[in-house]
Amino acid sequence: MVANWAGNVEFSSVLERPRSVAELQELVARSEKVRVLGTGHSFNRIADTPGTLVSIADLPKVLEIGTSGVTVSAGLRYGEIAPALQARGLALHNLGSLPHISVAGACSTGTHGSGDRNRPLADAVYAIKFIDSSGELVTLTRDDPDFNGSVISLGALGVIVSLTLNVERTYEISQVVYDGLPVRRLQSDFDKVMSSAYSVSAFTDWVDPAVMVWRKQKTAAYDREWLGATVADGPRHPIKVMPADYATQQGGVPGPWNERLPHFRLEFTPSNGDELQSEYFVPRARAAEAVEILRALGKQFAEVIQVSEVRTIAADDLWLSPSQGRDTVALHFTWIQDEAAVRPVLEVLEEALAPLDARPHWGKVFAADATTLAARYPKVRDFIALAGRYDPDSKFRNEYLDTYLPR
């Protein structure tokens, strides 16, 4: 039985593993229903299908590096691409917390890192090649009017074969962890906290009065005391009780971008996936309100939360992006793996965040319905029409899409 990384979703379909693009095209053309399973890091049934479940991991690997871009096969993981770029003196603008995720899966669902000026990972894409419902290859570039709807596509347009990403000159990052930031400072000095480095993450359970802050900065200089917090006396895991062996280098030691921007090292699996995740995105301008709401709800989270992470994302133009059209605060929650216990908490949480126009993450666990999603994501109707043009027979649709993005 094939399951996702967390083990909370099992797929009933047999997993097909084509070994060439031509074989994949033929498979898509003859199938009535098709969905793609990437590295399985989604926590809902976005990849499920009653038809053909496809892995693209066995397609020929493509990694073509130029001075301004890199073309990669969709099944490659960021942890495979990043060292190759670094070896050529090049870099991506950002990475997610896990280097273990596939490029296509991450871009298709709106995965992001952190940083006031950093857009989501999908924003680096400037060309995408996918197989449509007829089995034909389609290539879209940033100049195409359909492009902004095609990158974060939830698998609804077709099977992605390759992507071309913008690159830049390599850079070093040093990672400094601070213990004991008063949670009231996260609320009152939110801009100062989150703008203090190239990428910043704040970890809390919303009950503890102290917050742990990870600053990933392009300078090696840092203060040992900062806003009431102090530099950690050793390496840290985002979950305080967990060992830090799997975390990337801390202590302010400079190193290549690809070895500092993720929270976890590629050579280790950070956990066994025994968790559920949710994430909500609110306008940056309403950050202090969001922190106040979550502090008030902290005791209701206590029985089901492992950790919460606060990050920032710059506004972008991709239709289904959680940061489309607005600078954004990302409120991430890692829960225990007990959906029956977590669901009631999600309903309370979403109701509390509703006045802030909170958008749920497409690939995680949420309670919102189609009407709410259409109101929060302004380009939903445009996206549904676009998907219909590339998939007129609903080959790539599944119960998830029928529920949350109905035609």
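Because the structure is predicted, anything quoted here is derived from the model rather than measured.
With His237 as the fixed residue, the ring pair (Phe, Tyr, Trp, His ring centres under 6.0 Å) test singles out one of Phe264, Phe203, Trp214: Phe264.
Side-chain atoms of Gln175 come within 3.5 Å of backbone atoms of Gln249 as a donor-acceptor pair (strictly under, hydrogens ignored). Between the side chain of Lys379 and the main chain of Gly149, no donor-acceptor pair closer than 3.5 Å is present. Of the possible polar contacts, none joining the Glu259 side chain to the Pro256 backbone as a donor-acceptor pair under 3.5 Å is found. In this structure a side-chain-to-backbone donor-acceptor pair under 3.5 Å is present from His41 to Thr39. With hydrogens and angles ignored, the 3.5 Å screen pairs no side-chain donor or acceptor of Ser308 with any backbone N or O of Phe333. Remark: the backbone N or O of Ala124 is not paired with any side-chain donor or acceptor of His93 at under 3.5 angstrom. Looking at Ser108, its side chain never comes within 3.5 Å of a backbone N or O of Gly105 through a donor-acceptor pair. A distance-only check finds no donor-acceptor pair linking the side chain of Arg45 to the backbone of Tyr400 [under 3.5 Å]. Using a distance-only test at 3.5 Å, with no hydrogens or angles considered, no donor-acceptor pair links the side chain of Asp391 to the main chain of Ser133. At least one donor-acceptor pair under 3.5 Å links the side chain of Arg359 to the backbone N or O of Pro322.
Across every non-hydrogen atom of Asp223 and Val231, the tightest pair is O-CG2, 3.6 Å. The two residues Leu401 and Phe396 have their closest heavy-atom pair at CD1-O, 3.6 Å. When all heavy atoms of Arg284 and Met194 are compared, the closest pair comes out as NH2-CB, 4.3 Å. When every heavy atom of Pro262 is checked against every heavy atom of Pro99, the shortest pair comes out as CB-CD, 3.9 Å. Here the closest non-hydrogen pair linking Leu15 and Ser55 is CD1-N, 3.7 Å. In this structure, Tyr171 and Glu168 approach most closely via the heavy-atom pair CE2-OE2, 3.5 Å.
Going from atom CD1 of Ile56 over to atom OG of Ser73 covers 7.5 Å, rounded to the nearest 0.5 Å. Rounding to the nearest 0.5 Å places CG of Asp357 at 13.0 Å from CZ of Phe281. We find the CD1-OG1 distance between Ile152 and Thr109 to be 8.0 Å, quoted to the nearest 0.5 Å. The distance from atom CG of Leu163 to atom SG of Cys107, rounded to the nearest 0.5 Å, is 5.5 Å. Taking CG of Asp393 as the start and OG of Ser134 as the end, the distance is 9.5 Å to the nearest 0.5 Å. Between atom CG of residue Leu349 and atom CG of residue Leu331 there is a gap of 8.0 Å, rounded to the nearest 0.5 Å.
Under a cut-off of 6.0 angstrom, the local environment of CD in Glu32 is sparse, with at most 12 non-hydrogen atoms contributed by other residues, nucleotides or ligands. Counting non-hydrogen atoms of other residues, nucleotides and ligands closer than 6.0 Å to CZ of Arg142 gives a total above 12. Within a 6.0 Å radius of NZ in Lys218, more than 12 heavy atoms belonging to other residues, nucleotides or ligands are found.
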Query - From CA spacing to verdict: ring pair (Phe, Tyr, Trp, His ring centres under 6.0 Å), Tyr377, Tyr404 - result: CA-CA 12 Å; Tyr377 284 89; Tyr404 300 115; over 10 Å; no
Report task. Dump the intermediate steps for salt bridge (Lys or Arg N to Asp or Glu O under 4.0 Å) on Arg185 and Asp189, then the final yes or no. Result -> CA-CA 5 Å; Arg185 299 299 295 268; Asp189 297 276; 2.7 Å; yes
Query raised in the report: Under the salt bridge (Lys or Arg N to Asp or Glu O under 4.0 Å) criterion, do Lys240 and Asp205 qualify, and how do the steps go?
Result: CA-CA 10 Å; Lys240 290 182 179 179; Asp205 61 6; over 6 Å; no
Query - Worked check of salt bridge (Lys or Arg N to Asp or Glu O under 4.0 Å) between Arg35 and Glu399 - result: CA-CA 11 Å; Arg35 292 295 287 176; Glu399 184 178 354; over 6 Å; no
**Report entry** CA sep, side-chain torsions, deciding dist, call: Leu294, Val310, side chain to side chain contact (heavy atoms under 4.5 Å, CB included)
**Finding:** CA-CA 11 Å; Leu294 296 178; Val310 180; 5.7 Å; no
Requested in this report: Please step through side-chain hydrogen bond (donor to acceptor under 3.5 Å, both in side chains) for the pair Asn398 and Thr49, ending with a clear verdict.
Outcome: CA-CA 6 Å; Asn398 61 359; Thr49 179; over 6 Å; no
Requested in this report: Tell me, with the steps shown, if Asp179 and Arg236 meet side chain to side chain contact (heavy atoms under 4.5 Å, CB included).
Outcome: CA-CA 9 Å; Asp179 289 333; Arg236 296 287 188 266; 2.6 Å; yes
Report task. Tell me, with the steps shown, if Ser196 and Trp226 meet side chain to side chain contact (heavy atoms under 4.5 Å, CB included). Result -> CA-CA 10 Å; Ser196 63; Trp226 168 71; 3.6 Å; yes
Query - Asn44 and Phe366: CA distance, side-chain angles, deciding distance, side chain to side chain contact (heavy atoms under 4.5 Å, CB included) verdict - result: CA-CA 9 Å; Asn44 56 35; Phe366 58 86; 4.1 Å; yes
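Side-chain atoms of Val183 and Asp208, non-hydrogen and from C-beta on, never get closer than 4.5 Å to each other. In this structure, Glu279 and Lys364 have side chains that are in contact, with non-hydrogen atoms separated by less than 4.5 Å. Thr328 places none of its side-chain heavy atoms less than 4.5 Å from the side chain of His112. Leu405 places a side-chain heavy atom less than 4.5 Å from the side chain of Leu154. Within the 4.5 Å cutoff, side-chain heavy atoms of Ile65 are placed close to those of Leu85. Within the 4.5 Å cutoff, the side chain of His263 has heavy atoms near those of the Glu309 side chain. For the pair Thr164 and Val70, the minimum side-chain heavy-atom distance is 4.5 Å or more. Inter-residue side-chain proximity for Pro360 and Ser278 is flagged as unmet; no heavy-atom pair is nearer than 4.5 Å.
In this structure, a donor-acceptor pair under 3.5 Å is present between the side chains of Gln277 and His332. No side-chain N or O of Tyr198 forms a donor-acceptor pair with one of Asn94 less than 3.5 Å apart. Gln324 and Trp319 form no side-chain donor-acceptor contact under 3.5 Å, judged by distance and modelled atom types alone. A donor-acceptor pair shorter than 3.5 Å can be found between the side chains of Asp369 and Thr372. In the model, Arg407 has a side-chain atom that pairs as donor or acceptor with a side-chain atom of Ser394 under 3.5 Å. For the 3.5 Å distance criterion, the side chains of Ser323 and Asp316 qualify, holding a donor opposite an acceptor.
Remark: Arg215 fails to qualify as a cation-pi partner of Tyr178 under the 6.0 Å distance and 45° angle criteria applied to the six-membered ring.
Tyr280 is linked by a ring-ring contact (aromatic ring centres under 6.0 Å, His included) to nothing, counting only residues two or more places apart in sequence or in another chain.
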